[in-house]
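Below: the structure, in C-alpha cells.
In what follows, chains are A, B, ... by sequence order, proteins preceding strands, each numbered from 1. Since the model is a prediction, treat every value here as computed from it, not as a measurement.
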Amino acid sequence: MNVDEALHLLKQGTTELLPEATLKQKLERSAQTGKPLRVKLGIDPSAPHLTLGHAVVLRKLRQFQDLGHTAILLVGDFTRLVGDPSGESSTRPLITKEIIEENMKTYQEQAFKILDPEKTELRYNSEWLNPLGVQGIIQLTSKYTVARMLERDDFSKRYEENSPISVLEFLYPLLQAYDSVALEADLEMGGHDQLFNLLMGRDIQPHYDQESQVVLTVPLLIGTDGTKSMGQSKGNYIGISEAPEQIFGKIMSLPDELMQQYYELLTNVPWDEVKDLHPKACKVRLGKIMVSWFHSEADAQAAEDNFEQVYARKEVPDDMPEVGVNLANFEGGSIWIIELLDQANLIGTRSEARRLVQQGGVQIDGEKITEVDFQVTPQNGMVLKAGKHKFAKIKLEG
RNA sequence: GGUGGGAUACCGAAGCGGCCAACCGGGGCGGACUGUAAAUCCGCUGGCUACGCCUACGGGGGUUCGAAUCCCUCUCCCACCA
C-alpha cells in the first residue's frame, strides 16, 4: 500500500485529521526510514470496561498497526489519581492505585481483542509525571495561557453558565499534552471530545524541541439511550467484555435510528447493504457481528437463539436460577407471593414486588397473579416470572 | 475581604406554614402493541409486618397545634465587587 492509499484509509471515519499534510510527510518519512510512527491513545482507567465507544478508536488504532506502526496505549494512572473532573460532573470519586491496576488488567485483555499485542506499547503516565515534580509542572503551566484555555468549548460554556471550573481542570490537559512529549508521539487519537486536549499536545511539544503530533479524532458513538455519547459513568454503554447475550440484547434495544452510525463506525459492512433490511433483521445482524468480534460465531448464534426464545416468542429460557424453598418453614404449606419473590431474589424491595403484582408483571407457570395477598403452594419445578425477563425455578427442600 | 444567591427524591427542577411522600421532565420499572429489549400508547416509581406506621426536602437547634416552607447556627457551592 502506498502512502496515498494509506492516508485515504486512515482518514476514513474520522471527524478531524490535522494537519493532513503533516501526516503524509510522516508516513513518507516512515516508509523511507523504516521507522514506525508512534501513535498514542490515552485511556482513563477509572472504570473496568472498555465499551463499543472505545472500540471505534481502537479499530482506527489497529489500522495503524496493520500498516506497521506502533500503538501506544497510555494509561492515565497519574492523572486519574489526581482526579479529572472534566466534563459535566464536578468531582469524580478518587480511586486507588489498586483499583487502577485491577482495571488495567482487564483493559489490556479487552484491548487486545482488537489490537495487535506485538505492536502495542503499554505505558503509564505516572512513569514521567511523578518525577516531573512541582518545578516541572510550573514550567509546563508557563507554556499556555488562560485565554487559550477558555477557548475550549466546555470551559467557556461552563464559565458562562456559572458552573465551577477548578484550576485542576486546567492542569489536566496540560499534563495530557506532556504525555505526548514524554512519549514522543507522532500522532494522537481520541474521541471527538478530546480534540482540545489533543491539540494542546501539538502546541506543547515544540516547547520541548519536538515536532508537533498529528491529531486524529473519531466520532463519538451514541449510547444505548439513543441521545448521549456512550460512557460508563452515564450507564448507557455496551462493554466489549460483556456476556454474549448481554451484548446482543443491548444491541437489540438500541433505537433503530442508531443503526447507521453503528454499522459505519464499528463494522466493515457498508450501510447500503443493510439499510433496506427490516429494522429488526438489521439489528440482529449487527448484534451477531459484535458478538462474533468479541466472542465467537457460535456464541453469536446462541445469543440470537436465546433472544428469539425469551423475547420474541416470550418463552421460558433454558436455564434460570433456582430458588430453594423449604415448606417446613411455612404454615399450611403455602407461601406469600411477595415473600416468594423476595426469596427468589427477583425483586429489590417488597414494595416494588407489590407494584409488580398489581401491574400484572408476575406469573407462576404462565398464570398471571394479580392479588397482592396471593398464597402460593410451591411445587418442584414451578417457574416464577417477574417482569419481562426475570425468571426463577422453584426447588423444594427439606 | 465584602455583598447577594443557592443546597429538594436516581438526575434535572417546582413548591416557599397545613390540601406534601412532595407538581413537572428525564431515567427506571410494568402493561398493551410490534417479526425488535426499537417506536408508540397507558400506568407505576421512599420503605415496611400496609386502609396504618416509619423515614425523608444539606447538618444541628428553635418558633408553631402543625415546617421542605419562618428564625438561629454550621457545612458546602455559585456569582459580583475587591
If the P atom of B:U3 is compared with that of B:C72, how far apart are they to the nearest Å? 15 Å
For B:A14 and B:C76, measure between their P atoms and round to the nearest Å. 25 Å
Quote, to the nearest angstrom, the C1' distance that separates B:C48 from B:C41. 33 Å
Value in whole Å for how far the P atom of B:U36 lies from CD of A:Glu304: 13 Å
Base of B:G43, side chain of A:Gln359 - is there a donor-acceptor contact under 3.5 Å? yes
Provide the distance between the two P atoms, one in B:C20 and one in B:G27, to the nearest whole Å. 26 Å
Whole Å only: how far is the CG atom of A:Leu356 from the C1' atom of B:G28? 13 Å
B:C78 versus B:C24 - spacing of their P atoms, nearest Å: 32 Å
Of the listed nucleotides B:A38, B:G47, B:C29, the one nearest the side chain of A:Arg355: B:G47
May I ask you to check if A:Lys283 and A:Phe248 form a cation-pi contact, with NZ or CZ under 6.0 angstrom from the six-membered ring centre and within 45° of the axis? no
Are A:Lys275 and A:Tyr263 in a cation-pi contact, defined as NZ or CZ under 6.0 Å from the six-membered ring centre and within 45° of the axis? no
Evaluate whether atom CD of A:Glu5 has more than 12 neighbouring non-hydrogen atoms of other residues, nucleotides or ligands under 6.0 angstrom away. yes
Report the distance from atom CG of A:Asp225 to atom C1' of B:G25, rounded to the nearest whole Å. 15 Å
For a side-chain hydrogen bond (donor to acceptor under 3.5 Å, both in side chains) check, start with the C-alpha distance between A:Glu339 and A:Gln343, then their side-chain angles and the critical distance, and finish with the verdict. CA-CA 6 Å; A:Glu339 175 76 31; A:Gln343 295 216 350; 3.2 Å; yes
Carefully, step by step, assess A:Glu127 and A:Arg123 under the rule salt bridge (Lys or Arg N to Asp or Glu O under 4.0 Å). CA-CA 8 Å; A:Glu127 192 186 320; A:Arg123 303 289 288 271; 2.8 Å; yes
To the nearest Å, how far apart are A:His389 NE2 and B:G28 P? 12 Å
Hey, does A:Gly249 reach any base, or is it just sugar-phosphate, or nothing, if we go heavy atoms under 4.0 Å? base
Less than 4.0 Å between a side-chain N and a carboxylate O, is that true for A:Arg38 and A:Asp186? no
Taking the ring of A:Phe170 and the ring of A:Tyr144, is the distance between their centroids below 6.0 Å? no
B:C48 phosphate, OP1 or OP2: any side-chain N/O from A:Thr349 under 4.0 angstrom? yes
Rounding to an integer number of Å, can you tell me how far A:Phe307 CZ sits from B:A37 P? 5 Å
Closest-nucleotide 5' rank along RNA chain B - winner of A:Gly387 and A:Ile338: A:Gly387
Between B:U36 (P) and A:Lys388 (NZ): distance, integer Å: 13 Å
Do NZ/NE/NH1/NH2 and the carboxylate oxygens of A:Lys280 and A:Glu308 come within less than 4.0 Å? yes
So what does A:Ser351 hit on the nucleic acid, given a heavy-atom distance under 4.0 Å: a base, only sugar-phosphate, or nothing? base
Mind checking the P distance from B:G61 to B:A56? Whole angstroms is fine. 12 Å
Starting from C1' on B:U36, measure out to CG on A:Asp256 and report it in whole angstrom. 7 Å
Please tell me which of A:Ser253 and A:Gly348 maps to the more 5' nucleotide of RNA chain B, matching each residue to the nucleotide holding its nearest heavy atom. A:Ser253
Syn or anti conformation of B:C51, syn meaning chi within 90° of 0: syn
Which residues in residues 360-369 of chain A have a heavy atom closer than 4.0 Å to any atom of RNA chain B? A:Gly360, A:Gly361, A:Lys368
Where A:Leu73 and A:Ala111 come nearest, the two heavy atoms and their spacing: CD1-CB, 3.9 Å
Which dot-bracket string describes RNA chain B (Watson-Crick N1-N3 plus N6-O4 or O6-N4, or G-U N1-O2 and O6-N3, all under 3.5 Å; [ ] crossing; | other strand)? ((((((((.[[[..)..(.....]]]((((((.......))))))(((...)))...[[[[[..)....]]]]]))))))).
Taking atom C1' in both B:G58 and B:A68, compute the distance separating them and give it to the nearest angstrom. 12 Å
Would you call A:Glu188 and A:Arg202 a salt bridge, using N to O less than 4.0 angstrom? no
Tell me if the NZ atom of A:Lys113 is crowded by more than 12 foreign heavy atoms within 6.0 Å. yes
For A:Thr224 and A:Asn236, which I'm curious about, is there any donor-acceptor pair between the side chains at under 3.5 Å? no
Give the rounded distance in Å between these two atoms: CZ of A:Arg350 and P of B:U45. 20 Å
Which residues in residues 261-299 of chain A have a heavy atom closer than 4.0 Å to any atom of RNA chain B? A:Pro279, A:Lys280, A:Lys283
Decide whether A:Glu118 and A:Gln65 meet the rule of one side-chain donor and one side-chain acceptor closer than 3.5 Å. no
What's the gap between B:G25 and B:U8 when it is taken at their C1' atoms, as a whole Å value? 15 Å
